[in-house]
Each structure stands twice: as structure tokens, then as C-alpha cells.
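Below: one structure, written as C-alpha cells.
Values in this document were obtained by computation on a predicted structure and should not be read as measured data.
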Amino acid sequence: MQLTMKQLLQYFPFLLFFFIFFLHSTTTPAHSQAVSPGPSGPTNITGILDKAGQFTTFIRLLKGTQVANQINTQLNNSNQGLTIFAPTDNAFSALKSGTLNSLTDQQKVQLVQFHILPSLFSISQFQTVSNPLRTQAGDSSNGEFPLNVTTSGNQVNLTTGVVDATVANTIFSDSQFAVYQVDKVLLPLDIFGAPVSPAPAPSSDKPEKRVSGSDAPSGSKNDASVDTSGATTGAVSFGGVAVSAAIFCSLWL
């Protein structure tokens, strides 16, 4: 059906409306796809743990020791990777009462640093690492703060010489940084290890062994006492005989 010019002019407003609507519906999605997401903020370890939940005590230690600031500065200003083992609040609750309060400020720093590896490790990489692992608390090659890892499939186990812990979950992971949840607080042997007890000193109340005359060596005091007693007995017997003889002679005369 052909439309006359009059009819076209009559329907023109409707045609214009549909044209504008069609143009708007096709350009809007293209515009929304062209918008790039905003830049991500700087890495914040306490923010990551706070978002994950159940890490209140570890967050408090990170902040109180200023280790959190060191981590954030390192991650945001260098390409060096980090791996953090984060104990849950339940893990800290399992410690003996007063354990954290008994530590000095330096020991608290070392405790937190013992949970940090100065390299990035994925779960699969733990299967090929060499023990002991080096932590930020000290150089394990010199016997300081040893941390050993064993794996069974995808399960990663950690041992400090004081406790055995297991990696329970991956909290955060990217190309530079990994945070793993552990079910126990990693207590370093250098701080929580049992001290070596000194050997007990010999008791001064122990009675001396008495040596009998038959067991005494030749020339000992025991031999001298035995010989002296024998000579004394002989002298007494000889004296008794002499007295008896003198009395008999006096009576005879």
C-alpha cells in the first residue's frame, strides 16, 4: 500500500518518536560497556581480614605491632610477594590463658612476623619447597624460627616444633599476595619452646660408703687399727701372766 504525502505528514510524529526510541535503545548499552571500572584501592591487609571475618585478634596484633603498616607499604611500593598465615579467633582462644599478655613487645612482633613468608606461595608450590621455610621473624638457615611444611594432596600442614597446624582455607590471593587461614596459632620454638633443664647436682647428703677391715686396702687405717688392737691384746695378756707369777712367788717364799 502506498501512502500519499498527506498521510506521511500525518504519521510523521509517530515515525519520529519510534526512530528516536530505537536510536536510544541501541546506543545506551554501548555507552554502558564503554565505562571502565574505577581503579582499585591500595592493598590493606587488615581490610582483607576484616572483610573475611573471624580474625579480630590477629588484626589487633597486626595493628598493635605496626606490622600491618609494613605489609601494606611493602605490597604497594614494591614487587616483592608475601604469604601470610592468619590464625582465626578460635585458634587464639585455644591458647593457654595469658599467653599473649606474657610476651614482650619484641616477642609480639616476632610472633606476627613468624606468620609471614617474604615470598608468594600458591598451594601447589608448597609441595616443592625446601624446609625450613624462611619467615620474616628470622633466618631459618641459622636455626632461628624454623617453620616446616608437609603436604598431602592439596592439604598443607605446618609445624613449628611446638604446634602442628593446617591450612584450612584461602582468604585472598593475587599475583603478589596470598593470605591463608590456619587452624592454630604458629608458636615459634624460639619463644615458646621448653627450656633445657640442667643436670641435677649430686646430693651432699649422700652417706659415705663404709669400708670393712677385710675390704680395706693394705696399709690403710683399718689395717693399722686391726694390728694395734692385736698388739694391745697381747700386751694385756703378758702383763696378766707376770702379775700372777709375782703373787705365786711371794706366797711360796
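The closest side-chain heavy-atom distance from F192 to L103 is below 4.5 Å. No side-chain heavy atom of R134 sits less than 4.5 Å from a side-chain heavy atom of L117. Contact annotation: the side chain of L147 approaches that of F114 to within less than 4.5 Å [non-hydrogen atoms, C-beta and beyond]. Between P146 and T160, every side-chain heavy-atom pair lies at or beyond the 4.5 Å cut-off. Side-chain contact between Q80 and P118 is present, with heavy atoms from C-beta onward closer than 4.5 Å. The shortest side-chain heavy-atom distance between K184 and P87 does not fall under the 4.5 Å cut-off. A heavy-atom distance below 4.5 Å is found between the side chains of F145 and I191. Residues L100 and L111 are in side-chain contact: their nearest non-hydrogen atoms beyond the backbone lie under 4.5 Å apart.
I84 is connected to V149 through a chain of hydrophobic side-chain contacts under 4.5 Å among Ile, Leu, Val, Met, Phe, Trp and Tyr, so both are in one cluster. Side-chain heavy atoms closer than 4.5 Å link hydrophobic residues (I, L, V, M, F, W, Y) into clusters, and following such links, even through other members, never connects I116 to L120.
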Practice problem: Could you walk me through whether T170 and I123 pass side-chain contact (heavy atoms from CB on, under 4.5 Å), step by step? | Solution: CA-CA 9 Å; T170 300; I123 292 295; 4.2 Å; yes
Quiz item: Taking it one step at a time, do Q74 and Q136 satisfy side-chain contact (heavy atoms from CB on, under 4.5 Å)?
Solution: CA-CA 13 Å; Q74 180 174 336; Q136 286 194 341; 3.7 Å; yes
Self-check item: Audit row: V179, I45, side-chain contact (heavy atoms from CB on, under 4.5 Å) steps and yes/no
Solution: CA-CA 9 Å; V179 184; I45 177 58; 3.9 Å; yes
Self-check item: Derivation and outcome, side-chain contact (heavy atoms from CB on, under 4.5 Å), residues L61 and F92
Solution: CA-CA 11 Å; L61 280 173; F92 280 100; 3.7 Å; yes
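Between the side chain of Q127 and the main chain of G153, a donor-acceptor pair closer than 3.5 Å is present. Under a 3.5 Å cut-off, the side chain of S78 and the backbone N or O of L75 do not form any donor-acceptor pair. Judged by distance alone, with hydrogens and angles left aside, the side-chain atoms of N157 form no donor-acceptor pair with the main-chain N or O of T151 at under 3.5 Å. Looking only at distances, no side-chain donor or acceptor of Q155 sits under 3.5 Å from a matching main-chain atom of S152.
Ring orientation note: the planes of F126 and F85 are tilted relative to one another, at an angle of 30° to 60°.
T135 and Q113 get closest at one heavy-atom pair: CB-O, 3.9 Å. Between I171 and A86, the closest heavy-atom pair is CD1-CB, 4.2 Å. Of all heavy-atom pairs spanning T43 and N76, the tightest one is N-OD1, 2.9 Å. Scanning all heavy atoms of the two residues, the minimum distance from S102 to T99 falls at OG-O, 2.6 Å. Here the shortest heavy-atom pairing between L186 and A165 reads CD2-CB, 3.7 Å. Between D50 and I59, the shortest heavy-atom distance links the atoms N-CD1, 3.6 Å.
Taking OH of Y180 as the reference point, atom CZ of F121 lies at 9.5 Å (rounded to 0.5 Å). Note that CD of Q176 and CG of L82 are 7.5 Å apart. Values are rounded to the nearest 0.5 Å. Here CG of L49 is found 10.0 Å from OG1 of T56. Values are rounded to the nearest 0.5 Å.
For residues 59-72, the set of pairs meeting the side-chain hydrogen bond (donor to acceptor under 3.5 Å, both in side chains) definition, not counting sequence neighbours, comprises Q66-N69.
Scored by the side chain to side chain donor-acceptor pair (under 3.5 Å) test, N90 finds no partners at all (sequence neighbours excluded).
For the 3.5 Å distance criterion, the side chains of N148 and T159 fail to qualify, holding no donor opposite an acceptor.
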